[in-house]
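Quick note: numbers below take in every heavy atom, side chains included, and nothing from hydrogens, waters or symmetry partners. Everything quoted here is computed from the prediction, not taken from an experiment.
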Amino acid sequence: TDSSSDMFAEGAREFAESFGYSYLMDLWVLDSSGNVIVSSQGFSVDHSPEMNDFSTAVNAENGTGMWTGRNGNNEKIMAKTFTVMNSDNSVAGAVRLVVSLEELDRQHIIYTILIMLLSIIALLFVAVSGMFFIRSIVRPVARINETAKLIAKGDFNARVESSNNNDEISELCGTISTGNGQNITGQKREQTVY
């Protein structure tokens, strides 16, 4: 009744004044009809958006309701309402927590851009390392293959250009070139013997 409503309103003011998270979100205390009694920010509450979280909370078994939309300043907000019950199980009022989603959306955009940049850098790294792989392995192997074909056709003067790298490919190039020269000498010796 009136005295319980007055007590609820007085408790609501005390609760809103002692709310310690005002830097993160706004707290509104609603009466049993869903009208705002008090706000933790101390400013008048914008009633322009049609927020259905109170009616959802009243009709929900767990007594909570949520709403996401834009306020009168076109700021994207999210509100969650928790009902407060009387001893006779009727709704005395509700507590609504309102948080701005603008900063969250900004961070989401920044993280999306950051992930896209990291993906582009990763793709560039793969492309550069692929080009290095082609230059350092595939091309020398192709040259070795061409030289081996020439030697197979009888061109024993064919040589493989050895790269300056100190790796297995360079060693193979050197072996083919040196071994090819020994074959030529050995072939000449055989011809002189006969």
Peer 1: Closer than 4.0 angstrom, basic N to acidic O: yes or no for R96 and D53?
Peer 2: yes
Peer 1: Under a 4.5 Å side-chain heavy-atom rule over Ile, Leu, Val, Met, Phe, Trp and Tyr, are L117 and I109 clustered together?
Peer 2: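 Linked, L117 and I109 end up in one cluster.
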Peer 1: If two hydrophobic side chains count as joined below 4.5 Å and joins carry through other members, does V91 share a cluster with L30?
Peer 2: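 Same cluster: V91 reaches L30 through Ile, Leu, Val, Met, Phe, Trp or Tyr contacts under 4.5 Å.
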Peer 1: Quick one: list whatever passes side chain to side chain contact (heavy atoms under 4.5 Å, CB included) with T83, sequence neighbours left out.
Peer 2: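 So T83 forms a side chain to side chain contact (heavy atoms under 4.5 Å, CB included) with A57, V58, M85.
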Peer 1: Taking the side chain as every heavy atom from C-beta outward, state whether L101 and T68 have any atom pair closer than 4.5 Å.
Peer 2: yes
Peer 1: Compare every heavy atom of S33 with every heavy atom of F54, then report the nearest pair and how far apart it is.
Peer 2: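 Where F54 meets S33 most closely, the heavy atoms are CE2-C, 3.8 Å.
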Peer 1: Less than 4.5 Å apart, any side-chain heavy atom of V38 and any of W28?
Peer 2: no
Peer 1: Are the charged groups of R143 and E146 less than 4.0 angstrom apart, N to O?
Peer 2: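 No, this pair does not count.
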Peer 1: Check whether E75 reaches the backbone of S100 with its side chain - one donor and one acceptor, N or O, closer than 3.5 Å.
Peer 2: no
Peer 1: Side chains of L97 and F19: closer than 4.5 Å at any heavy-atom pair?
Peer 2: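 When only atoms from C-beta onward are counted, F19 and L97 do touch, with a gap below 4.5 Å.
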Peer 1: Once you round to the nearest 0.5 Å, how far does NE2 of H108 lie from CD1 of I113?
Peer 2: 10.5 Å
Peer 1: Nearest 0.5 angstrom please: S39 OG to D26 CG, how far?
Peer 2: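 One finds 3.5 Å between OG of S39 and CG of D26.
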Peer 1: What distance do T64 atom OG1 and N62 atom CG have between them, rounded to the nearest 0.5 Å?
Peer 2: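 If I round to the nearest 0.5 Å, the distance is 3.5 Å.
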Peer 1: Please tell me whether L104 and M66 are part of a single hydrophobic cluster in this structure, the criterion being side-chain heavy atoms less than 4.5 Å apart.
Peer 2: yes
Peer 1: Output the distance between atom CE (M78) and atom NZ (K80), rounded to the nearest 0.5 Å.
Peer 2: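 If we round to the nearest 0.5 Å, M78:CE and K80:NZ are 8.0 Å apart.
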Peer 1: Could you measure the distance from the CG atom of L114 to the CE atom of M116? Nearest 0.5 Å is fine.
Peer 2: 11.0 Å
Peer 1: Nearest 0.5 Å please: distance from the CG atom of L118 over to the CG atom of L123.
Peer 2: 11.0 Å
Peer 1: Looking at R70 and E102, does any basic side-chain N land under 4.0 Å from a carboxylate oxygen?
Peer 2: yes
Peer 1: Got a donor-acceptor contact below 3.5 angstrom from the N86 side chain to the D88 backbone?
Peer 2: no
Peer 1: Where the side chain of N59 meets the backbone of S55, is there a donor-acceptor pair that is under 3.5 Å apart?
Peer 2: yes
Peer 1: For G65, is there any backbone N or O sitting under 3.5 Å from a side-chain donor or acceptor partner on T56?
Peer 2: no
Peer 1: I'd like to check W67 versus I77 (side-chain heavy atoms, cut-off strictly below 4.5 Å). Are they in contact?
Peer 2: yes
